[in-house]
Visitor: 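Encoded as structure tokens, here's the structure I'll be asking about.
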Amino acid sequence: TSLLESSSIKRPCVNSGAGMLRRPKPTDSEADLLREQQELLAAGGQSTVAVAKRPDKRRGDAAAADAQDQRNQRDVVTIEDELPTLTPAPPKKSRFKQERVRFEDEDPGERLDRHDTHISAVLSRIIERDTSSVPVSLPCITGTAFPKVLHRSVMESEGQERAPKGRKSIFARQIAAQRAKNEDSSASRHVSFSPLENMETERPESNVMDRVGGPVLLTGQGLGIANSAMETMKIHEENQTKLQAMSQSEILEEQRKLLAQLGPRLVDFVRSRKAQRTPGSESASGPVQREDFLNEPLPNSTSPQLDHTIKAQESQRDTMEDDEEDENQLVAQPPITEEELPIKPQKEWLHMDKVEPEKLEWTRDLPAPREQSTKKAMQARFDFAGTLIPPTKDLPTHLGLHHHGEEPELAGYSLQELFLLSRSQLNQQRNLAVSTLANVLAKARAGEYISSLKGSVLSSLLDAGVLFLLRFSLDDSVEGVMSAAVHALRALLVSSDDEECLDNAFSWLLGMATFPLLPTAQEDEDEDDEGLDETMKETTKEKEEKKTDHDVARQDVVKGFLKMQGLTRLRYILEVVRPSPRVVLDILEVLIRIARHSTAAATQILDCPRLMNTVIAEFLPCSWAPATSQAPSSLYRLPVALAMKLLRVLASAGRHACARILNSLGGKEVLSRFVVVEPSEMLLEAGEALRCSTEALRLFAVAASYGQACNLYTDLYPVLVKRLQAGNWRCASSEAVLLLELDPIRALLVLLTQVTQTAGCHEELQRDLVSAQGAECPPPPPVVWSHVMGLQPTVISSLKGCVRALDGPAQMSSALILLPSYLLYMEAYYSQLCVQSSFQPVQCLQELESLTSYVLLPLISHQAMQNITSCFRSSSMICNPGLSVAGGEVVASLPGLGCSRMKTSSTIAGLNSPLSLPTALLYLLNTITSIHKGLIKKFSPLILSDSVLSYLRSCIGAMPSVSHMSAWILCHEHHLLYLLLRLAHKLVTATSAFNKFAYILCMEGVCGEPEMAALAELQLKDRTSPAVGALLRDALHHLPSIRGCYLTHLAHMESSVLSSRDRYLGRTPFVSSHLLPELTGPSLPSDWPFLPLISLYERMGLSAGGGHQVESLPAGSVQSVTNCLQWLLVLESWREQALTAVPPVAKLARLACVFLCSSDLFLERPVQELTWALFRRLTRPAQLEALDLGSPPPGLASFHDLYSALLAQYEAVSFGDPLFGCFMLLPLQRCYSVTMRLAVFGEHVGMLRSLGVPLQQLPIPLEKFTSPMEDSLPLLRLYFRALVTGALKRSWCPVLYVVAVAHLNAFIFSQDAVAEEVEAACRSLLRKTYYLTDEVLKNHLLLFQLPQQNSELGFSTYEQLPPIRARRLESIVGTEVKGGER
């Protein structure tokens, strides 16, 4: 062994000599081996192996050199007495260590502290037990040399009565019996007291806690006194007396505090001690009927995320006493007897001669559930279908709903138990748990638990990590568990109602456009980036990469699933596992939901290796065998409509994504295959064939909306025209048509509409390409106007057929569904026709008159159209904000559209929506009236109908909340409102009857020029300010200039506006995506009318401390500020509700920018006049009451910072301007913070010389400054110092002079009980006032009576001091004062 440890064998060789030694045998002893070694050494023969000694690196260079010298020396085996070193055994692996989770960024020190098991961590304070009073028992003297051997027969006969019961060994029971015998023998010599023997328990009327005869836990040992038991009993009696003096609520409160403070193990120990004493403490009247408060159930100790509370659904007549009695009945069950055993033990069974009840409790039948409902919180339990099981429901055990440890009598499984079962080693349990969770998720999304449970099941599951659980289950090797996980993931992410509503709205006006289902952005404040330069701060992408999977999933469920490589796993399941049809459909629906999340999520789907190739190759094949049954066992190599829908949703995410699908993934071939073939010839089930055809046409329409795949239109033109004519036949048919058969017709009309709009842009793009001269310009599409001109006659014929079909009850519903698509096509045709070079005006006008007479007017006057308009108000999302409330559970990290509630409470999102047909009709009417203005009067009955006017009146002042659940439908309703008002605006100049419309809608009740009725009455009370009427008249005269000013300041939104305009006008080559901007809030801030003023302030770059700005204002700044102030005055006068979202403190802060922008801007005459008017409106009594300067204005840290800047600016450039002075006086009111008054009289006392605002010009009542009395002692001293030193004079600053005099007078003559320090200051100020040499100031301070804003002084005075004030002055000064004179 030692040879092999230090050497390495190079190569064995055979010795050719004659004296070769023999090979050792297994039977040779050590002596034989040593003798053969000596013979080898003596013969001097060559060794059979070459030994190469390797130097020991641990011994250094010297050892290496010695090894080199001794390389040729032989090794000689010597047997030493020392034992060889044993090879250590492999370390033991702990199965608990593998379950522990270790994080890379976890601090090792914190982990060691957390798992420290040193004795000091357990026993922090060790106190020896006092054994001074413990009796010492000497061992018994026996006649034998060794202890007596214990026999079972002897033990049973001698110690059976004294040995305590329980599961103890024979030896332990013998020892216990011996101890009991020794205690009895020493009872006569030692004081002993057993308070729990022969004591009865009483049941007080409070029914809260049992009164026992003695303490249960304490025995008195360790007190160090002789009568320890008596002292313990005395303490127990004092406790009982205190409990009797307490009320029931107080005892319950103390009970809750104790249970919250004590540990679970200690509570279990106390309960066990009480349980041991209970059998022996029976009274003469019967057993104990109440348990100790520690035996009551503990508060719910399960995970708060998984603990839901069942609301009481039955009658509330039962009380808490009934609940407690029920609990006692459940708990206090007698031990199981031998007769109750389901299998009787036999005598022949080994070790079964004695029944142990505690071990056989599990064989007992489950106790019956509650007979009555309870008010107490209980854990929610679900069956395998996800249905909530009431706790009072008694279900049989063969259903498999009782296999849980907690509350075994209740059927169903809690969420926590389902989580535990999902990680089981049994495949069936994992499958069952995940399937049940899927059903619970589906019902939670549908809102079935809202009325039964407190809290949100969906939020609790997400907080508990259900997304991670499902992701782990997707990796399960068992296909059943994996399939259940896919189904649960679909229940978590997908809403079938949302998808149905979005598919139905696809054919509406701008129905392709949808909002991304992104959670509302939550900006996390990163403290690490505070104070860093912009170049050193982490980008959003870097911050996103640093987040853990849990953090990402907590904010965005879809993004968290993508971060966990969920797409790769779904691709593996589709490509390798090839699951059942249900799993395939669930995966496709999940992918569709992920694609609706955002453009980035759709791009990740396209970038996932082989995912889309697998979907297209397996579920959109160009050839397939006919299905052998209605429900095939596999969907592979069969067309699936959801796969086509996935392509359509991905293409809607952006122009680039659509091009990748068409060109890189073979989308054009797929379109050609499914558009050419009729649904009846697809060799598929009828419904699936119709859905495949519909989704193919929708994908074609999306591609055409970008100006793509137009060459495919020219190739398939005969097929499309044939299908369009078939749709005309369906409209004219007298037979009822299935709703599913109408979807391909609507999708075809959407496709033709997009192709027509693309063809209409050909000439414009061609001109731009010629004039671009090398600049970037979209190429003209391959389809021209001549390719779509032949469609118009067929569409008009179909449109007439639909209008005629309205009279038939069987065809009415089909006609109402198809009419919007036909009307939208006609609008696209005529809007593009008038910009073509081949446009013939006379022929077009004749066509429009014919269309109006035979189609539009009959449609407007039809009863069906009147029924739709009558539903405007009841179905409106604007008039009924409650419709946007989610019907199911909604979490912020997983937004949805909430269409389940819309489908049940309103028809606004369904097939019979009152939005689609009126919007399409108004869209066409606006286009027709733009071309043929003579037709405007014919459409007035639609606008002036009572239902439309009632709807518009209800929309006035309505402010619906915007969220994912309301934004998408509000977008369509806003289109309807815009088109109604636009058509009404055209009717203003065409008919005088429209005055009725204007009279009803205008909030002021006037029409035409609004200032004619109101300007004469809107005058400011102060004669020094200009009349508001003249300012408003001038503002209305300059409305075009005001509009241009705001458009200039909104130029940064030009790209967004142009993108929206291109989408609205159908300029398909310029549309980049059909995903609308993210819902991050309104496009403009709530204070947008102040935008020109704020922009100028930011451009001037004033520092936070204010100061004089030397540079001159940019050109046009005065006009820009004037326009801004004019628009604000118009809004404040006639549209005050438009600024209700801006708090008064924010208005004041924005107006203050007039003084901070420049040194002389506020001195400009128009700016001065308009600011005076706005300031007086801001200081009206109602506005002053709402003005809260304590809360920081939006965009500012605090108002005090802004006021500090205004103080510095006033001292520098005010020149005593009254307007600026009023702004400085406003925050000095008594109701606001004293810090601003201290800043004026402390740091900026010099400004008092120029703050000469007259009392009559102050728009704020003077009492706001003088009442109540000032209680700040430092400020009062500053008031007195400013008056005495002459810094504050009535001629310089009359307002603050009155304020200072009023507060000082009230303070020095105050009779209130105050602190000693305040009283000393009061006496000092009064004494100093009395000895003032300035008689005028002295009389003002002593004889001040009340403030009077209209008087010359600003206040009234006494002729002489009142007696009470005279006596106080005399008591302090010590001088005889008579008649108010010295």
Visitor: May I ask you to test the L915-L509 pair for a side-chain heavy-atom distance under 4.5 Å?
Guide: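 A side-chain contact is absent here, since even the closest heavy-atom pair is not under 4.5 Å.
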Visitor: Got L1225 and I1260 here, is their nearest side-chain heavy-atom distance under 4.5 Å?
Guide: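 They are not in side-chain contact.
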Visitor: What are the two closest non-hydrogen atoms of D1160 and S1158, and how far apart are they?
Guide: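 Of all heavy-atom pairs spanning D1160 and S1158, the closest is OD1-OG, 3.0 Å.
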Visitor: Starting at SG of C971, measure out to CG of L976 and round the result to the nearest 0.5 Å.
Guide: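 Reported value, rounded in 0.5 Å steps: 12.0 Å.
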Visitor: Using the rule given for side-chain contact (heavy atoms from CB on, under 4.5 Å), can you reason through C1124 versus Y1046, listing the C-alpha separation, both sets of side-chain angles and the distance that settles it, and then say yes or no?
Guide: CA-CA 8 Å; C1124 175; Y1046 279 93; 3.9 Å; yes
Visitor: Check whether Q1126 reaches the backbone of H1038 with its side chain - one donor and one acceptor, N or O, closer than 3.5 Å.
Guide: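 Pair absent, no side-chain N/O of Q1126 close to backbone of H1038.
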Visitor: With side chain to side chain donor-acceptor pair (under 3.5 Å) as the criterion, how do T919 and H972 come out once you've worked through the C-alpha distance, each side chain's angles and the decisive distance to 0.1 Å?
Guide: CA-CA 8 Å; T919 303; H972 294 288; over 6 Å; no
Visitor: What closest approach, in Å, do P1077 and F515 show between heavy atoms, and which atom pair accounts for it?
Guide: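 Shortest heavy-atom separation between P1077 and F515 comes out as O-CD2, 3.5 Å.
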Visitor: Which distance, rounded to the nearest 0.5 Å, do you find between the CG of L1032 and the CH2 of W1134?
Guide: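 One gets 4.5 Å once the value is rounded to the nearest 0.5 Å.
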Visitor: Between S940 and L987 (side chain of the first, backbone of the second, donor and acceptor by atom type, cut-off under 3.5 Å), is there such a pair?
Guide: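 Not confirmed, S940 side chain does not pair with L987 backbone.
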Visitor: Establish, from distance only, whether the side-chain atoms of S831 and T927 form a donor-acceptor pair under 3.5 Å.
Guide: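 No - no donor-acceptor pair under 3.5 Å links their side chains.
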Visitor: Which atom pairs, one a donor and one an acceptor, fall under 3.5 Å between side chains of residues 1089-1096 and the rest of the protein, sequence neighbours left out?
Guide:
| from | atom 1 | to | atom 2 | distance (Å) |
| --- | --- | --- | --- | --- |
| S1095 | OG | L1091 | O | 2.8 |

Visitor: Got a donor-acceptor contact below 3.5 angstrom from the S954 side chain to the S950 backbone?
Guide: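 Yes, the answer is positive, given that a donor and an acceptor are paired below the 3.5 Å cut-off.
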Visitor: Let me confirm one number: the CH2-OG1 distance from W968 to T514, rounded to the nearest 0.5 Å.
Guide: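 With rounding to 0.5 Å, CH2 (W968) is 10.5 Å from OG1 (T514).
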Visitor: Would you call F1162 and F1223 a side-chain contact if the rule is heavy atoms closer than 4.5 Å?
Guide: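 Not touching, per the 4.5 Å side-chain cut-off.
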Visitor: Count the heavy atoms of every other residue, nucleotide or ligand shown that sit under 6.0 Å from CZ of R1180, and state whether that count exceeds 12.
Guide: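 Counting other residues, nucleotides and ligands, CZ of R1180 exceeds 12 neighbours.
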Visitor: Using modelled atom types only, decide if a donor and an acceptor are shared between the side chain of N1123 and the backbone of Q1119 within a distance under 3.5 Å.
Guide: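 A pair under 3.5 Å: yes.
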Visitor: What distance do Q766 atom CD and S837 atom OG have between them, rounded to the nearest 0.5 Å?
Guide: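 The OG atom of S837 is 11.5 Å from CD of Q766, to the nearest 0.5 Å.
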Visitor: Could you walk me through whether D1188 and V1145 pass the side-chain contact (heavy atoms from CB on, under 4.5 Å) check?
Guide: CA-CA 6 Å; D1188 181 16; V1145 63; 5.7 Å; no
Visitor: Between R655 and V1071, is there a donor-acceptor pair closer than 3.5 Å when you use the side chain of the first and the backbone of the second?
Guide: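 Between the backbone of V1071 and the side chain of R655 there is a qualifying donor-acceptor contact (under 3.5 Å).
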Visitor: Would Q1168 and D1217 count as a side-chain contact (heavy atoms from CB on, under 4.5 Å) if you check the C-alpha gap in whole Å, the side-chain angles of each, and the deciding distance to 0.1 Å?
Guide: CA-CA 10 Å; Q1168 179 97 187; D1217 180 68; 3.3 Å; yes
Visitor: Check side chain to side chain donor-acceptor pair (under 3.5 Å) between D1087 and all other residues, then give those that pass, not counting sequence neighbours.
Guide: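 Counting only residues at least two positions away or on another chain, D1087 forms a side chain to side chain donor-acceptor pair (under 3.5 Å) with R1150.
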Visitor: Decide side chain to side chain donor-acceptor pair (under 3.5 Å) for Q754 and T1068; before the verdict, give the C-alpha distance in whole Å, the side-chain angles of both, and the deciding distance to 0.1 Å.
Guide: CA-CA 8 Å; Q754 300 298 327; T1068 55; over 6 Å; no
Visitor: Is Y1203 reaching over with its side chain to a backbone N or O of M1224, donor-acceptor style, under 3.5 angstrom?
Guide: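 It does hold such a pair.
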Visitor: Are any non-hydrogen side-chain atoms of L922 and H975 less than 4.5 angstrom apart?
Guide: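 L922 does not reach H975 side chain to side chain.
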Visitor: Supply the atom-to-atom distance L925 CG to K986 NZ, rounded to the nearest 0.5 angstrom.
Guide: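 The CG atom of L925 sits 9.0 Å away from the NZ atom of K986.
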Visitor: Write down the atom of L823, the atom of A920, and the distance for their closest heavy-atom approach.
Guide: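 For L823 and A920, the tightest heavy-atom pair comes out as CB-CB, 4.0 Å.
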Visitor: When rounded to the nearest 0.5 angstrom, what distance separates CG in L1131 from CD in Q1137?
Guide: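 Here the interatomic distance stands at 9.0 Å.
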Visitor: Do other residues, nucleotides or ligands put more than 12 heavy atoms under 6.0 Å from the NE2 atom of H1037?
Guide: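 Atom NE2 in H1037 is not packed in, count stays at 12 or less.
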Visitor: Check whether any side-chain heavy atom of F939 lies under 4.5 Å from a side-chain heavy atom of T852, and answer yes or no.
Guide: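 Heavy-atom side-chain distance check passes, below 4.5 Å.
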Visitor: Indicate yes or no: at least one non-hydrogen side-chain atom of R1061 is less than 4.5 angstrom from one of F1070.
Guide: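 In short, these two side chains do not touch, never coming nearer than 4.5 Å.
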Visitor: So which atom in R1177 and which in Q1183 form the shortest heavy-atom distance, rounded to 0.1 Å?
Guide: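 The answer is O-CG, 3.4 Å.
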Visitor: Using every non-hydrogen atom in the two residues, find where S930 and N926 come nearest and quote the distance to one decimal.
Guide: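 For S930 versus N926, the nearest heavy atoms are OG-O, 2.8 Å.
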Visitor: Any side-chain heavy atom of V835 within less than 4.5 Å of one from E764?
Guide: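 Not in contact.
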Visitor: Show the nearest heavy-atom pair for residues M877 and P960, with the distance to one decimal.
Guide: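 Shortest heavy-atom contact: O-CB, 4.0 Å.
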Visitor: Taking the six-membered ring for Trp and the single ring otherwise, decide whether the centroids of F1175 and F1220 are under 6.0 Å apart.
Guide: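 No, the ring of F1175 stays outside the 6.0 Å limit from the ring of F1220, centre to centre.
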Visitor: Quick check: do L769 and L765 have side-chain heavy atoms less than 4.5 Å from each other?
Guide: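 A side-chain contact is absent here, since even the closest heavy-atom pair is not under 4.5 Å.
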Visitor: So, does S1133 use its side chain to make a donor-acceptor pair with the main chain of L1129 at under 3.5 Å?
Guide: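 Yes; judged by distance alone, with no hydrogens or angles, the pair exists.
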Visitor: For L1161 and V1167: C-alpha separation, side-chain torsions, deciding distance, then whether side-chain contact (heavy atoms from CB on, under 4.5 Å) applies.
Guide: CA-CA 7 Å; L1161 176 62; V1167 176; 4.3 Å; yes
Visitor: Does CH2 in W785 sit with more than 12 non-hydrogen atoms of other residues, nucleotides or ligands closer than 6.0 Å?
Guide: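 Yes, CH2 of W785 has more than 12 neighbouring heavy atoms, counting only those of other groups under 6.0 Å.
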Visitor: Verify, without hydrogens or angle tests, whether H762 (side chain) and T758 (backbone) share a donor-acceptor contact under 3.5 angstrom.
Guide: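 The answer is no, because no donor-acceptor pair under 3.5 Å joins these two groups.
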Visitor: Ignoring hydrogens and angles, tell me if any N or O in the side chain of Q836 forms a donor-acceptor pair with the backbone of Q832 under 3.5 Å.
Guide: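 Answer holds: yes.
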Visitor: Under 3.5 Å, is there a donor-acceptor pair between the side chain of S1059 and the main chain of S1055?
Guide: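 Flag not set: sc S1059 to bb S1055 has no pair under 3.5 Å.
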